[in-house]
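What follows is a short report on a single structure.
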Amino acid sequence: MDPRREIFREMSHELHVFFKRVGKVWIYDELKFLDLEPNMLTGEFRCDSVQSLIDFCHENREYHIISCKDGKVFNKFIPGARRYYLADRDADPDLVHDSYSRLSPDEALQVGYTMFAPVLRQIKRGDNT
């Protein structure tokens with residue numbers, strides 16, 4: 001087996017643990033209940049709509065912003081990031097997850113594709129049991 005697969009799995013698990021620790025709010029209906037309109041069903045806000053998160057967090061101090069920029073996920077607001085998320089747990093601004101610390105972006109895409117393509121192919125067929 002390609003050793004990069006195990007690295008990819010570990011990095012994916014570490015990202016999941018990071019998001020769980022900081023309390024990423026990703027459920028679309030929960031965000032809508034909070035009167036927020038994410039750009040994606042996964043709770044993602046892009047830079048053109050991040051002001052709504054900034055305003056919301058200013059009014060609701062129990063929440064904070066997670067920023068994604070250059071393959072890193074920061075547990076704080078970073079101007080000019082590509083993506084933002086709302087969070088409601090550990091607000092330590094020094095927490096960072098580096099998605100490309102052990103695999104390059106190309107390697108991560110290649111490995112991810114080889115791992116998920118068979119799953120997506122199975123879903124696409126739909127009626128298989």
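- Between atom CG of residue Asp29 and atom NZ of residue Lys32 there is a gap of 9.0 Å, rounded to the nearest 0.5 Å.
- Tyr84 places a side-chain N or O within donor-acceptor distance of the main-chain N or O of Ile78, the cut-off being under 3.5 Å.
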Discussion item. For a side chain to side chain contact (heavy atoms under 4.5 Å, CB included) check, start with the C-alpha distance between Met40 and Arg83, then their side-chain angles and the critical distance, and finish with the verdict.
Written reply: CA-CA 10 Å; Met40 302 289 288; Arg83 296 183 313 267; over 6 Å; no
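- Between His97 and Phe18, the ring planes are tilted. Angles from 30° to 60° get that label.
- Contact annotation: the side chain of Arg102 approaches that of Glu10 to within less than 4.5 Å [non-hydrogen atoms, C-beta and beyond].
- In this structure, Lys76 NZ and Ile66 CD1 are separated by 13.5 Å, a value rounded to the nearest 0.5 Å.
- Here Asp48 does not pair with Arg46 in a salt bridge; the nearest charged N to carboxylate O distance is not below 4.0 Å.
- Side-chain N/O atoms of His64 and Arg61 include no donor and acceptor closer than 3.5 Å.
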If you apply the rule side chain to side chain contact (heavy atoms under 4.5 Å, CB included), what do you find for Leu86 with Leu34, and how did you get there? CA-CA 11 Å; Leu86 184 66; Leu34 296 172; 3.9 Å; yes
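- In this structure, the separation between CZ on Phe45 and CD on Glu37 is 8.0 Å, given to the nearest 0.5 Å.
- A distance-only check finds no donor-acceptor pair linking the side chain of Asp88 to the backbone of Val25 [under 3.5 Å].
- Ile54 is not listed as a side-chain neighbour of His58, based on a closest heavy-atom distance of 4.5 Å or more.
- The distance from atom CG of Leu53 to atom OH of Tyr63, rounded to the nearest 0.5 Å, is 11.5 Å.
- Within a 6.0 Å radius of CZ in Arg82, no more than 12 heavy atoms belonging to other residues, nucleotides or ligands are found.
- The distance from the CD atom of Glu59 to the CG atom of Asp35 is 12.5 Å, given to the nearest 0.5 Å.
- Rounding to the nearest 0.5 angstrom, the gap separating the CZ atom in Phe56 from the CD1 atom in Ile65 is 10.5 Å.
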Worksheet item: Taking it one step at a time, do Val17 and Glu14 satisfy side chain to side chain contact (heavy atoms under 4.5 Å, CB included)?
Response: CA-CA 5 Å; Val17 169; Glu14 290 166 4; 5.6 Å; no
